[in-house]
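Each remark here refers to the structure printed beneath this line.
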Amino acid sequence: MMGYTTFNGWVQIGLFAVLVVLITKPIGGYMTRVFAGERTALSPVIRPLERATYWLCGVDEAAEQHWVAYAIAMLAFSFVGFVVLYAIQRLQGLLPLNPQGFGAESTDLSFNTSVSFVTNTNWQSYVPEQTMSYLTQMIGLTVHNFVSAATGIALAIALIRGFARRSAQTIGNFWVDLTRCVLYILLPASIVAALFFVWQGMPQDLSAYTNATTLEGARQIIAQGPVASQEAIKMLGTNGGGFFNANSAHPFENPTALTNLVQMLLIFSLGAGLTNVFGRMVGNQRQGWAIFAVMFLLFAAGVATVYPVESQGNPAFATLHVDQAPSTLQAGGNMVGKEVRFGIANSALFTTVTTDASCGAVNNMHDSLLPLAGAVPMVNIMLGEIIFGGVGSGLYGMLLFVIVAMFIAGLMVGRTPEYLGKKLEAKEVKMAMLAILILPLSILGFTALAVVLPVGTAAMNNAGPHGFSEALYAYTSATGNNGSAFAGLSANVPFWNDTLGLAMFLGRFMMIVPMLAIAGSLARKKIVPASLGTFPTTSPLFVGLVIGVILITGGLIFFPAVALGPIVEHYALLHGTLY
Amino acid sequence: MKHIRPAIVMILMMTVLTGLAYPLAITGIAQLVFPWQANGSLIRRDGTVIGSALIGQNFSTNRYFHGRPSATTGPDPKDPSKTVAAPYNAANSGGSNLGPTSKDLVQHVQVRAAALAAQNPGTPIPVDLVTSSASGLDPDITPAGALFQVPRVAKARGLPQGEVRRLVEARITPRLFGVIGEPHVNVLKLNLALDALPRH
C-alpha cells in the first residue's frame, strides 16, 4: 500500500507536521492576549488605529453583547458586506484600476461571488484573470478575505467564552473582536507573508498584462497584478480564492516549494493556534491539546491516504510505455493536473491541508486525482472541516462534535453529560445536531437535484461516476465553505451559481446561529466542580471517542454518496473501464 | 437598528485599510525592494521581453526542449464566442480537469507517448512529458523529462549529445536544502542557455 512513496516524500510531510506543532503554542498565546484586550508588542502602533475604529463606528469597547445581539451584529455586517461586494462587481466597468477593461459581471455570477467571499468560501465560478479588475480584486475580494476570516475567528472566541465564563449574560462584543482580529493578527501577519512571497517571485504591480514574444516568435500575454497581497490573506484566512484560475498551482501564485510550504503553514496556523487559545481561556492548556490531537490524527490519516494512492500513478497508463515510478530524476506518480516543482508528496499534502481547513486553495487539480485520493478532500469537507479547519469555524465545528460525543458518553454511563464543568442539556445537544445536520441536508439535497436536472448534468466535464463526483464535490465544497472544486464543472451558469450560492449561505449561517445559541446558553451556566465520575477530557479515551463520533456521523450520512462516486470509479479503474 | 451604523462604517473602514492601504503599501515596498519579481520576473533579450522566468511557454520545434503538455485554451480567432486549444496561454491558466477514468485523458496520453517514443525509441517516457500540468503554465520539467529530449535536440542542432546532456545537468535545480520540493529544470532558461552556446 505504500506504493511508490519515497523517504524524502515522508520527510517533507513530517517536516510540515512538526512545524505545525511548534507554531501552535506561540500563536495561541498571542491570540489569547489580543482577544483579552491585553497589551502586545504591536500595541503602540495599532492601539490608536483601534480606538479610531471604535470611535468612527460608534462602538463602546467595554460594552459586551448577549448572544442574540452578537449574532445580529454579525449578520448585519455580513449583509452590508454582501451588498457592497455585489455593487462593486456590477459597476466594475465604470471603476478605475482596470487596465484590461473588464466589464460588469452578470447578476448570477455577482450574487454567487458575493456570497462566496462573504461566507469565507471563495468558490470561483469565473476565471479571475479574464473577469476581475485589479480594483475588484483589491477593494472587493481582498477585503472579504480579511473580514470573513475575522468574523469566523470572532465567533470561535465567542463560543470559547461560553465555555470559560460562569453565570454570565454576555459573550463579548462582535465589533471589538472583529476589529482586534484584523488589526492585531491578520494584517501584520499578511504584511510579512506578502513581502516574503514577492521575494520568492510573486508579482505585485498594477500594470496591464505583459506582451511577450516567445523564443519561437509567438505572442504570449502574461497576466499579473497585485497578487502577493491577496495571496497572503488568502491562505492565512483560509479563504482560498485564487488571483488566477489555476490558484496556488499557478507559478505566479505559488512560485517555489518554499512558498508552497509557507502557504500550507499559513492555512493551519490560526486554526491550530485557536486550539491553544481554547485551552488557555478555559484555564487548562491540555484541554486545547486534546482537541489538537483529534485534529492532528485525522490530518495524518488523510495525508497517509492521498500520498500513497497518488504515488502509484494511473493504472490506465500501464500499457502505454509511460514511466510513473519515482527516481532521482523524477517524482513519478499521477502527474495529471500537477506541477513538477511540487511533485506528488507536496501535492498530496496540500490537498489534505486545504480541505482539512476550509481553505480551498489548490496547488494541483483535484478533478484529476485518482478516485480514492479524490475521496479524501471530499470526506474532509463532509466531516465539517474541523481538522484545524477554517479560521474559527474549524474550532466551533469541532466543539459541536465534542458536545455530541460527550452526550453519547453520558448516555453510555447514565450521567448528565458535562464538558469543562458545564452541564450539557437538551438545548445544547439539539442545537449542536441542528448545526451538524445542515451539512448533509444541503450537500445531499442539492446534489440529488443537480443530477436529475438536465441543466445540472450539462455542466459536467467528465462522464460516468466521475461526473457525479464533480457535482457532489461542488455542493460539498460550497456547503462546507471550502471553495475548492473538481474544477471541470462548468458552473458559471445561473442554475449552478444560484444553487451553490444558496448552499454556501446555508452552510455558513445555519451553522453559526445555533452555535451562538449554545455559546449564550453555556455562558449562563454555573461550573460544576470535577468529581471522580467526571469524564476526563484530556485523555486518549476522549480523543478516541471524539474521532469515533466524527467518523460515525460523517461516515453513516455520506457513505452512500461517496460509494456512488469515488468508490465506484475506483473499481472501474481497476477493472479497466473508461468513460 | 443600532447595528446599522457600525456595519456600514466598519465595511468602509476595512475597505480603505485592507483593500487600498494594505495592497498599495505592499505594492510600493515590493516595487522598491524586489522590482524584478514584483513585475513578473520578466526576461529580456536584445531589449524585448521574451517571457517570464516563472511562466512556461510553448515550444514545438526540434531545436528546443519542450515543456509539459498544456491544457489552456483561448478564443477561436475565427469565432470569438468559441474556445480552442491555446497551449501556455498565460492569461487563462488551468488544467485539463480530466478524471482518471476519462477516455479522453488516456487517448491524449497515448498519442503523446507514441510521438515521444518515435524520437527516442526504447526509453520509457517520463510521465511529466505526457501529462498536462495543473496551471497549464508549468515552467519546469523533471530532469528525466529533460534528459529524454537530449537526443532529439542534439540532432536538430548538430551538437554532440554529451554537450547537450552536460548543459541539462548543469541546469537541474535540486531540492531546497536537499529536502524541500522536487528537482526540476526550467525549460525557458535551459533553451536560452542552448541558444547561447557557441555555434559549431
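In the text below, chain A, chain B and the rest are named by the order of the sequence lines, each starting its count at 1. Any value given below was found using the heavy atoms of this structure, including those in side chains, with hydrogens, waters and symmetry copies removed. Just so it is clear, the model here is predicted, and its values are computed rather than measured.
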Atom group of [X] that falls short of 4.5 Å from chain B, counting heavy atoms:
X: A/Asn211; result: backbone
X: A/Leu261; result: side chain
X: A/Thr328; result: backbone
X: A/Ala73; result: both
X: A/His366; result: neither
X: A/Thr210; result: side chain
X: A/Leu183; result: side chain
X: A/Tyr579; result: both
X: A/Ser248; result: neither
X: A/His466; result: side chain
X: A/Asn260; result: neither
X: A/Leu97; result: neither
X: A/Gln224; result: side chain

So which heavy atom on [X] is nearest to which on [Y], and how close?
X: A/Trp55; Y: B/Arg5; answer: O-NH2, 3.4 Å
X: A/Ala212; Y: B/Ile50; answer: CB-C, 4.0 Å
X: B/Ala134; Y: A/Asn364; answer: CB-CA, 4.0 Å
X: B/Thr131; Y: A/Val336; answer: CG2-CG2, 3.5 Å
X: A/Thr179; Y: B/Met14; answer: CA-CE, 4.4 Å
X: A/Val340; Y: B/Asp140; answer: CG2-O, 3.6 Å

Is the shortest side-chain heavy-atom distance between [X] and [Y] below 4.5 Å?
X: A/Gln220; Y: B/Tyr88; result: yes
X: A/Glu129; Y: B/Ser93; result: yes
X: A/Arg341; Y: B/Pro139; result: yes
X: B/Pro100; Y: A/Ser368; result: no
X: A/Leu195; Y: B/Ile29; result: yes
X: A/Phe174; Y: B/His3; result: no
X: A/Asp367; Y: B/Leu98; result: no
X: A/Gln12; Y: B/Glu182; result: yes

Problem - A/Phe317 vs B/Leu105, side-chain contact (heavy atoms from CB on, under 4.5 Å): CA-CA, chis, key distance, verdict - result: CA-CA 10 Å; A/Phe317 303 165; B/Leu105 171 71; 3.9 Å; yes

Partner chain B: residue of [options] with the largest heavy-atom pair count (under 4.5 Å):
options: A/Leu15, A/Asn461, A/Val59, A/Leu56; value: A/Leu56
options: A/Gly9, A/Ser190, A/Gly81; value: A/Ser190
options: A/Phe244, A/Tyr209, A/Phe252; value: A/Phe252
options: A/Asn346, A/Ile233, A/Leu49, A/Leu215; value: A/Leu215
options: A/Leu329, A/Leu370, A/Val322; value: A/Leu329
options: A/Ala316, A/Gly58, A/Gly343; value: A/Gly58

Exercise for the section: Output the distance between atom CZ (A/Phe16) and atom CD1 (B/Ile180), rounded to the nearest 0.5 Å. Expected result: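 It is 12.5 Å, given to the nearest 0.5 Å.
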
Practice task
Quick one: pull up CZ in A/Phe79 and CD1 in B/Ile11 and give me the separation to the nearest 0.5 Å.
Solution key: 12.0 Å

What part of [X] is in contact with chain A, defined as an atom under 4.5 angstrom from a non-hydrogen atom: side chain, backbone, both or neither?
X: B/Arg45; result: side chain
X: B/Gln31; result: side chain
X: B/Thr48; result: neither
X: B/Leu116; result: neither
X: B/Leu176; result: side chain
X: B/Arg68; result: side chain
X: B/Ala117; result: neither
X: B/Ile43; result: neither
X: B/Val179; result: both
X: B/Leu12; result: neither

At a heavy-atom distance under 4.5 Å, which candidate from [options] has the highest pair count against chain A?
options: B/Ala146, B/Ser133, B/Gly178, B/Ala113; result: B/Ser133
options: B/Val127, B/Asn39, B/Val9, B/Leu20; result: B/Val127
options: B/Asn89, B/Thr101, B/Thr142; result: B/Thr101

Exercise for the section: Mark yes or no for whether A/Glu216, through its side chain, and B/Thr61, through its backbone, hold a donor-acceptor pair below 3.5 Å. Expected result: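 Here the side-chain-to-backbone pair exists.
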
Practice task
Output the residues of residues 69-78 of chain B for which the shortest heavy-atom distance to chain A is under 4.5 Å, in residue-number order; output 'none' if no such residue exists.
Solution key: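 Heavy-atom contacts from residues 69-78 of chain B to chain A are absent.
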
Practice task
Considering only heavy atoms, give the residues of residues 164-173 of chain B separated from chain A by less than 4.5 Å, sorted numerically, with 'none' for an empty result.
Solution key: none

Exercise for the section: Can you label the angle between the B/Tyr22 ring and the A/Phe146 ring as parallel, tilted or perpendicular, going by 30° and 60°? Expected result: perpendicular

Practice task
Just do the side-chain contact (heavy atoms from CB on, under 4.5 Å) check on A/Leu206 and B/Leu24 with the steps written out, would you?
Solution key: CA-CA 9 Å; A/Leu206 300 171; B/Leu24 294 178; 3.8 Å; yes

Problem - Residue pairs passing the ring pair (Phe, Tyr, Trp, His ring centres under 6.0 Å) test where at least one lies in residues 145-189 of chain B, sequence neighbours excluded - result: none

Fill in the blank from the handout: Taken in chain and number order and not counting sequence neighbours, the residues that satisfy salt bridge (Lys or Arg N to Asp or Glu O under 4.0 Å) with B/Asp46 are none

